[in-house]
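Written below as structure tokens is the structure these notes are about.
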Amino acid sequence: MTATPAAPVSRRQRRPDWAGRNYSLLTAAAVATGLGGNGALIASAFAVLESGGDGGDVGLVAASRTLPLVLFLLIGGALADRVPRHRVMVAANALSCVSQAAFAVLVLTGEPRLWQMMVLTALGGTGQAFFGPAAEGMLMSTVSGEQAGRAFAVFRMAMQGASLGGAALGGALVAAVGPGWVLAIDAAAFAVAGGLRSFLDVSHIPPRAPGGGMLADLRDGWREFTGRPWLWSIVVAFSVANAVVGAADAVYGPLVARDSLGGAGPWGLALAAFGAGTVAGALLMTRWKPRRLLLAGMLGIFPLALPSAALAVPVPVGVLYAVMFVAGATVEVFGVSWMTALHQEIPEEKLSRISAYDWFGSIALMPLAAAAAGPAESAFGRTAALWGCAGLVALVTGAALCVPEVRNLRRRTGPASGPRPDPTAHGSADAERPVGGLG
């Protein structure tokens with residue numbers, strides 16, 4: 001007689017405390033966009049090549065996405081700390097959906113012109129500029145306590161698993177049906193993700209009290225950013241590393257694949273191998289809690305130089321897959337450690353602004369690198385350019401490790417392990433009470 005009501009209790013206990021409603025919705029939405037977005041990266045590159053473009057044109061389209069990120073990220077971060085973050089996220093998803101749908105129609109119905117692809121890609125980049133800081137702040141304000149690191153690892157494992165599937169499926173679909181349909185799938189994924197994020201439970205969010213204005217918020221975020229050597233030194237290092245790795249992946253990778261690896265399919269599988277590595281790395285981080293967060297994370301960045309070196313040779317496809325897997329696994333050690341450090345050290349009401357400065361610094365050089373990839377190949381040769389990418393990644397990673405705060409920042413345990421509130425600040429737009437067991 002007493003066994004009947006116990007069943008639903010047992011079912012409820014199968015979900016961890018930190019995996020509440022908002023966390024689950026955010027994870028499901030990230031999976032949707034991960035499946036569509038990684039295929040679209042391959043599709044956009046091959047859409048340019050199939051329309052008669054060369055490596056320089058691929059670089060220009062890639063730069064068109066990152067330039068709006070540089071221009072609008074800081075505004076997006078300040079906005080996301082002033083208004084409910086979920087509204088910013090849904091609006092950004094809608095813009096990305098429309099731009100990708102138009103790009104798909106353009107490719108499917110005729111021969112797209114370079115300027116048209118650049119404009120539509122720039123619209124998607126604008127959406128990402130507003131989405132990124134809001135999404136990171138929302139996720140970090142959704143988890144709390146000592147299990148935050150595990151929550152971030154599970155979130156990233158789901159996201160990276162979707163990236164794995166999206167890259168593999170995207171490469172195969174580009175080869176089978178062409179890039180236009182892959183872009184259409186990405187547009188549908190943004191629509192699904194925006195719908196999921198619109199159901200986030202924000203009924204307990206208090207309205208943000210008027211502050212000193214957006215410029216004042218930006219200055220406050222800048223002081224928070226520059227006052228932490230571990231924070232700005234790693235962001236500076238990644239401004240170089242992300243630029244050269246992005247150029248290698250967006251420009252040189254498809255060209256090497258076309259000339260030496262067999263086309264879009266093998267390159268998609270190589271990106272999928274990187275995604276598989278990130279899933280393995282995130283799985284490791286659900287169990288491993290390195291005491292020195294950033295030391296462990298930055299040591300994991302050195303192998304990020306290996307894919308560029310492998311493309312420079314170029315190595316056989318099987319070796320490239322192995323190299324991409326290792327790089328993905330180790331870079332995910334950094335990813336989880338970095339999110340845990342931000343969650344631990346940054347006040348909750350400043351998370352989106354700090355995330356914006358983080359993103360801004362990390363991608364500031366990417367438009368220049370993407371646009372310069374073609375001319376660099378012409379001037380030095382593709383092999384020398386790829387070796388240069390590998391060398392720069394190793395150099396800036398070593399430089400960041402020379403900063404004592406990077407080597408010595410330690411994981412905190414106990415009640416103080418979450419984001420620290422700022423008693424002088426107004427309430428955050430997402431200062432939620434616990435929702436579904438989630439702080």
Side-chain angles (χ1 to χ4, degrees), residues 34-50 53-55 58-59 62 160-179 181-182 185 241 244-283 300-332 370 373-374 376-377 380-394:
L35 285 170
N38 284 271
L41 289 175
I42 302 171
S44 61
F46 280 90
V48 176
L49 294 174
E50 290 181 8
D54 57 15
V58 173
Q160 302 293 8
S163 299
L164 184 161
L169 182 61
L173 286 176
V174 168
V177 299
W181 290 110
V182 180
I185 291 171
V244 297
V245 171
D249 286 350
V251 181
Y252 299 138
L255 293 173
V256 173
R258 182 192 64 185
D259 296 342
S260 305
L261 303 178
W267 180 238
L269 289 175
L271 295 178
F274 185 91
T278 62
V279 173
L283 182 61
I301 297 303
F302 280 109
L304 195 59
L306 295 177
S308 295
L311 290 171
V313 174
V315 299
V317 172
V319 177
L320 178 63
Y321 295 163
V323 165
M324 295 288 275
F325 181 89
V326 170
T330 58
V331 80
E332 196 62 18
E377 180 186 17
F380 307 110
R382 189 184 304 165
T383 298
L386 282 164
W387 280 117
C389 292
L392 283 170
V393 171

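For the single chain, residues carry numbers from 1 onward in sequence order.
When side chains are defined from C-beta on, Val323 does not count as touching Val315, because their heavy atoms never get closer than 4.5 Å. The side-chain heavy atoms of Val58 and Leu49, taken from C-beta on, include a pair separated by under 4.5 Å. When side chains are defined from C-beta on, Leu169 does not count as touching Leu35, because their heavy atoms never get closer than 4.5 Å. Residues Ile301 and Val331 meet the side-chain proximity criterion, which asks for heavy atoms closer than 4.5 Å. In this structure the side chain of Trp387 reaches within 4.5 angstrom of the side chain of Val313, judged on heavy atoms.
Under the salt bridge (charged side-chain N to carboxylate O under 4.0 Å, His left out) criterion, Glu377 pairs with Arg382, sequence neighbours left out. Residues satisfying the side-chain contact (heavy atoms from CB on, under 4.5 Å) test with Ala172, not counting sequence neighbours, are none. Applying the side-chain contact (heavy atoms from CB on, under 4.5 Å) test to Ala175 and every residue at least two apart in sequence or in another chain returns nothing. In this view, Ala280 and Phe325 satisfy the side-chain contact (heavy atoms from CB on, under 4.5 Å) rule, not counting sequence neighbours.
Applying the salt bridge (charged side-chain N to carboxylate O under 4.0 Å, His left out) test to every pair with at least one member in residues 320-332, sequence neighbours left out, gives these pairs: Arg156-Glu332.
Contact between Cys389 and Ser308 at its shortest, heavy atoms only, is CB-OG, 3.7 Å. Contact detail for Ala309 and Ala390: the closest heavy-atom pair is N-CB, 4.1 Å. Taking every heavy atom of both residues into account, Val326 and Pro303 meet most closely at CG1-CB, 4.4 Å.
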Practice problem: Please report the C-alpha distance between Val245 and Leu304 in whole Å, then the side-chain angles of each, then the deciding distance to 0.1 Å, and finally whether the side chain to side chain contact (heavy atoms under 4.5 Å, CB included) criterion is met. | Solution: CA-CA 8 Å; Val245 171; Leu304 195 59; 4.1 Å; yes
Practice problem: Output, in order, the C-alpha distance, side-chain angles, deciding distance and verdict of side chain to side chain contact (heavy atoms under 4.5 Å, CB included) for Leu311 and Leu320. | Solution: CA-CA 8 Å; Leu311 290 171; Leu320 178 63; 4.2 Å; yes
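Under a 3.5 Å cut-off, the side chain of Thr330 and the backbone N or O of Ala327 do form a donor-acceptor pair. In this structure a side-chain-to-backbone donor-acceptor pair under 3.5 Å is present from Tyr252 to Ala373.
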N/O donor-acceptor pairs under 3.5 Å from side chains in residues 261-278, not counting sequence neighbours:
unit_1: Thr278; atom_1: OG1; unit_2: Gln160; atom_2: OE1; d: 3.4
unit_1: Thr278; atom_1: OG1; unit_2: Gly275; atom_2: O; d: 2.6

